[in-house]
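Bear in mind the structure is a predicted one, so any value in this text is a computation, not a measurement. The first residue of the sequence shown is numbered 1, and numbering continues consecutively from there.
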Amino acid sequence: MREVRISTMDQDEDFAAWLTELLEREAEEAGLPTGFDDRYIGLTDPIGDWIGGLRYYVRGGVAHLLDLVVAEAYRKQGHAHLLLQAFEQRAASEGSHLAEFWTDDDRAEGLLAALGWTVVLRRPRYMNEASWTLMEKRLPD
């Protein structure tokens with residue numbers, strides 16, 4: 001057997017491209033979804049200043065909401081509702097049948113529940129020893 005070694009690799013190295021290509025080829029051969037890219041939805045005021053935004057990706061018909069934030073000066077004005085509505089519409093138009101979001105923020109959990117999201121799972125002492133909740137919402141066909 002040849003001598004092998006384990007190395008830590010950075011995302012910007014050639015290794016990342018090689019690994020991504022290999023994973024995508026394997027997924028295609030197995031008939032599975034390949035790769036995913038982060039997508040963004042931004043909300044701006046009339047002069048173009050950013051108010052808030054969200055980040056998500058879609059894989060296998062599931063839209064994974066990663067981050068949602070509204071600048072402090074614009075909170076409690078319905079902007080998060082607008083962003084979530086845009087996310088759900090965009091995800092459904094991209095072929096997603098389900099939206100998911102992990103949160104450790106009780107405020108986010110309340111907001112999502114008010115918009116028809118349901119709790120799937122609670123994980124106590126998860127990341128950073130905090131309790132996290134997985135929420136989901138079925139999207140219209």
Side-chain angles (χ1 to χ4, degrees), residues 2-141:
R2 293 184 351 196
E3 186 115 358
V4 297
R5 74 176 182 201
I6 302 289
S7 303
T8 300
M9 309 302 272
D10 291 326
Q11 185 174 356
D12 60 347
E13 294 184 38
D14 290 338
F15 175 78
W18 174 84
L19 182 61
T20 299
E21 184 179 319
L22 179 60
L23 290 168
E24 288 179 354
R25 190 171 51 243
E26 294 283 327
E28 285 176 11
E29 289 172 4
L32 300 171
T34 61
F36 54 91
D37 294 316
D38 285 353
R39 296 177 174 128
Y40 300 88
I41 297 174
L43 183 64
T44 59
D45 67 13
I47 61 170
D49 289 336
W50 292 316
I51 292 173
L54 60 79
R55 180 172 63 107
Y56 71 101
Y57 70 88
V58 174
R59 190 170 192 181
V62 179
H64 301 267
L65 178 58
L66 300 171
D67 300 297
L68 169 64
V69 67
V70 173
E72 192 170 347
Y74 295 97
R75 293 183 184 157
K76 299 191 185 300
Q77 298 175 37
H79 298 304
H81 290 101
L82 292 173
L83 285 163
L84 282 167
Q85 183 179 22
F87 161 68
E88 292 172 14
Q89 290 171 349
R90 178 104 19 107
S93 73
E94 294 174 3
S96 296
H97 64 278
L98 183 71
E100 288 187 343
F101 183 52
W102 277 100
T103 184
D104 66 340
D105 185 342
D106 292 337
R107 295 170 302 164
E109 188 175 333
L111 169 64
L112 292 169
L115 297 174
W117 291 63
T118 58
V119 173
V120 176
L121 175 72
R122 293 188 195 280
R123 290 204 62 184
R125 298 185 60 201
Y126 190 40
M127 288 185 271
N128 297 323
E129 294 290 318
S131 293
W132 284 73
T133 303
L134 174 62
M135 300 188 75
E136 73 175 16
K137 183 175 183 178
R138 292 271 165 203
L139 300 174
D141 295 331

Can you list every pair that meets salt bridge (charged side-chain N to carboxylate O under 4.0 Å, His left out) and has a residue in residues 115-132, with sequence neighbours left out?
E109-R122, R125-E129
Run the side-chain contact (heavy atoms from CB on, under 4.5 Å) check on V69 and L54 step by step: do they pass?
CA-CA 6 Å; V69 67; L54 60 79; over 6 Å; no
Going by the salt bridge (charged side-chain N to carboxylate O under 4.0 Å, His left out) test, which pairs reach into residues 77-88, not counting sequence neighbours?
E88-K137
Quick check: closest heavy atoms across A91 and A63, and the distance to 0.1 Å?
CB-CB, 3.5 Å
By side-chain contact (heavy atoms from CB on, under 4.5 Å) - contacts of H79 (at least two apart)
L43, I51, V70, Y74, Q77, L82
Would you say that L121 contacts W102 through its side chain, given a criterion of any heavy-atom pair below 4.5 Å between the two side chains?
yes
Under the 3.5 angstrom rule, does the side chain of T103 hit a backbone N or O of D105 as a donor-acceptor pair?
yes
Would one find more than 12 heavy atoms of other residues, nucleotides or ligands at under 6.0 Å from atom CG of N128?
no
What distance do Y126 atom OH and T133 atom OG1 have between them, rounded to the nearest 0.5 Å?
11.5 Å
Given side-chain contact (heavy atoms from CB on, under 4.5 Å), test H81 with L111 step by step and report yes or no.
CA-CA 8 Å; H81 290 101; L111 169 64; 3.1 Å; yes
In terms of relative ring orientation, are Y57 and H64 parallel, tilted or perpendicular, with 30° and 60° separating the classes?
parallel
Report yes if some heavy atom in the side chain of E136 is under 4.5 Å from a heavy atom in the side chain of L112; otherwise report no.
no
Quick one, I41 and L83 - any side-chain contact, counting heavy atoms below 4.5 Å?
yes
D104 meets the side-chain hydrogen bond (donor to acceptor under 3.5 Å, both in side chains) criterion, sequence neighbours left out, with none
Passes side-chain contact (heavy atoms from CB on, under 4.5 Å), L84 versus L68? Steps please.
CA-CA 8 Å; L84 282 167; L68 169 64; 3.9 Å; yes
Listed partners of W18 passing ring-ring contact (aromatic ring centres under 6.0 Å, His included), at least two apart
F15
Which pair of non-hydrogen atoms, one from F101 and one from D67, has the smallest distance, and what is that distance?
CE1-N, 4.4 Å
Sorted by chain and residue number, the ring-ring contact (aromatic ring centres under 6.0 Å, His included) partners of Y56 (sequence neighbours excluded) come out as F87
Check the pair E100 / M135 against side-chain contact (heavy atoms from CB on, under 4.5 Å), numbers first and verdict last.
CA-CA 6 Å; E100 288 187 343; M135 300 188 75; over 6 Å; no
Taking all atoms of both residues into account, what is the closest heavy-atom pair of A92 and L139, and its distance?
N-CD1, 4.1 Å
I'd like to know whether CD of E29 has more than 12 heavy-atom contacts from other residues, nucleotides or ligands below 6.0 angstrom.
yes
